[in-house]
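What follows is a set of notes on a single structure, which appears directly below.
These numbers come from a predicted model, not from an experiment.
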Amino acid sequence: MKLIALETATEACSAALYLDGAVQERYELAPRGHAGLILPMIEALLGDAGVALRALDAVAVGRGPGSFTGVRVAAGVAQGIAFGADLPVVAVSSLAALAQTAMDEADAPRVLAAIDARMEEVYWGAYCRDEQGLAALIGSEIVCDAAEVPVPAEQGWVGVGSGWGRYADVLRRVLGDRVAGAEAERYPRAAAVARLGAAAFARGETLPPEGAAPAYLRNDVVRPRGK
């Protein structure tokens, strides 16, 4: 299986090339440079590996939630590549990619992923590592006030993502001893999108190019302000 993966939903910008289980990645922390970085990253990965776009099986894209601008960059680039090379798309949650990154890099089996959504809110998802070592969603991904995140029954969770940087005090007060630690300076990476995307591709979960649509979560959740 061969696929290109991209992730630009947060301050980090990255692309990864997945070749039969091996992953090569280009990554840069550049809050405002995604649009200018992502295509050169993709071109460099393909050039170094000697792989043509049309030789790929799919494009995996971090679909959000996250920065509205960043999510649109990834969606637009993924659509353009997929249309041009006649490839299907695999859409991967950026929260799942964040959790997978923590599982891969920090060996965290249970992850509470939180991306700052502004307005005192977080994009939120709880994930456990499954038998394949992949991030499996528990419940649903949501956007909510930091003070209203769901409290898991189990202990031993690790918090990751920018939401833990901005709302750490609130989240720790709500979650108490359910959280064993937190790391705010961790971001979703294309390598994780590639791993999750390859698994989704193997399950037949592909979309046409136009299916690379952003997932903002706020489109689906309407909550009155000033409660």
Side-chain angles (χ1 to χ4, degrees), residues 5 7 9-12 14 16 18 21 23 25 27 29 60-66 71 90-117 120-203 205 215-217 220-221:
E7 171 55 61
T10 64
E11 294 89 334
S14 57
Y18 181 102
V23 180
E25 184 187 53
Y27 173 92
L29 194 59
V61 58
R63 59 175 171 78
V71 172
V90 181
V92 174
S93 161
S94 296
L95 282 169
L98 173 58
Q100 187 68 53
T101 299
M103 291 175 184
D104 292 342
E105 296 181 351
D107 194 28
R110 294 178 177 175
V111 175
L112 296 174
I115 296 174
D116 182 12
E120 307 301 319
E121 294 183 329
V122 290
Y123 300 118
W124 183 263
Y127 297 85
C128 286
R129 187 163 50 200
D130 67 12
E131 296 175 351
Q132 287 74 45
L134 300 178
L137 178 64
I138 307 300
S140 302
E141 293 181 345
I142 60 172
V143 57
C144 65
D145 286 351
E148 297 177 358
V149 296
V151 179
E154 304 87 354
Q155 295 180 330
W157 294 82
V158 174
V160 294
S162 58
W164 286 93
R166 183 154 185 174
Y167 308 112
D169 292 343
V170 174
L171 292 172
R172 286 186 177 277
R173 185 170 65 249
V174 172
L175 296 165
D177 63 1
R178 300 293 193 274
V179 179
E183 187 174 353
E185 298 299 319
R186 196 178 292 279
Y187 304 93
R189 299 183 67 134
V193 173
R195 288 195 64 198
L196 293 167
F201 181 87
R203 296 191 298 267
E205 297 172 4
Y216 298 124
L217 288 188
D220 305 317
V221 181

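- Nearest heavy-atom pair across G197 and A60 is CA-CB, 4.3 Å.
- If you take CG on D169 and CH2 on W164, they are separated by 11.0 Å, rounding to the nearest 0.5 Å.
- Between W124 and S140 there is no side-chain heavy-atom pair separated by less than 4.5 Å.
- With salt bridges taken as basic N to acidic carboxylate O contacts below 4.0 Å, none links D104 and R189.
- When all heavy atoms of V160 and A102 are compared, the closest pair comes out as CG1-CB, 3.7 Å.
- Atom CG of D130 and atom CG of L137 lie 12.0 Å apart (nearest 0.5 Å).
- The main-chain N or O of S14 is never found under 3.5 Å from a side-chain atom of E25 such that the two would form a donor-acceptor pair.
- Note: L196 CG to Y18 OH = 10.5 Å, rounded to the nearest 0.5 Å.
- Residues L134 and Q100 have side chains in contact (heavy-atom distance under 4.5 Å, counting atoms from C-beta outward).
- The CG atom of D107 sits 4.5 Å away from atom CZ of R129, with the distance rounded to the nearest 0.5 Å.
- In this structure, the side chains of I142 and P150 come closer than 4.5 Å at one or more pairs of heavy atoms.
- To the nearest 0.5 Å, atoms CD (E148) and CD (E120) are separated by 11.5 Å.
- A donor-acceptor contact shorter than 3.5 Å is absent between the side chain of R110 and the backbone of A126.
- Residue L217 comes nearest to P65 through the heavy atom pair CD1-CG, 3.6 Å, listed as atom of the first residue, atom of the second, then distance.
- Between E121 and D145 the shortest heavy-atom distance is CG-OD1, 3.5 Å.
- Rounding to the nearest 0.5 Å gives a distance of 3.0 Å between OH of Y127 and CD of E141.
- Side-chain contact between V143 and Y216 is absent, with no heavy-atom pair separated by less than 4.5 Å.
- For S162 against D116, the heavy-atom pair with the smallest separation is OG-N, 2.9 Å.
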**Request:** Check the pair R63 / S94 against side chain to side chain contact (heavy atoms under 4.5 Å, CB included), numbers first and verdict last.
**Result:** CA-CA 6 Å; R63 59 175 171 78; S94 296; 5.7 Å; no
**Request:** Just do the side chain to side chain contact (heavy atoms under 4.5 Å, CB included) check on W157 and L175 with the steps written out, would you?
**Result:** CA-CA 10 Å; W157 294 82; L175 296 165; over 6 Å; no
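- Heavy atoms only, all atoms of each residue included: A147 and V174 are closest at O-CG2, 3.5 Å.
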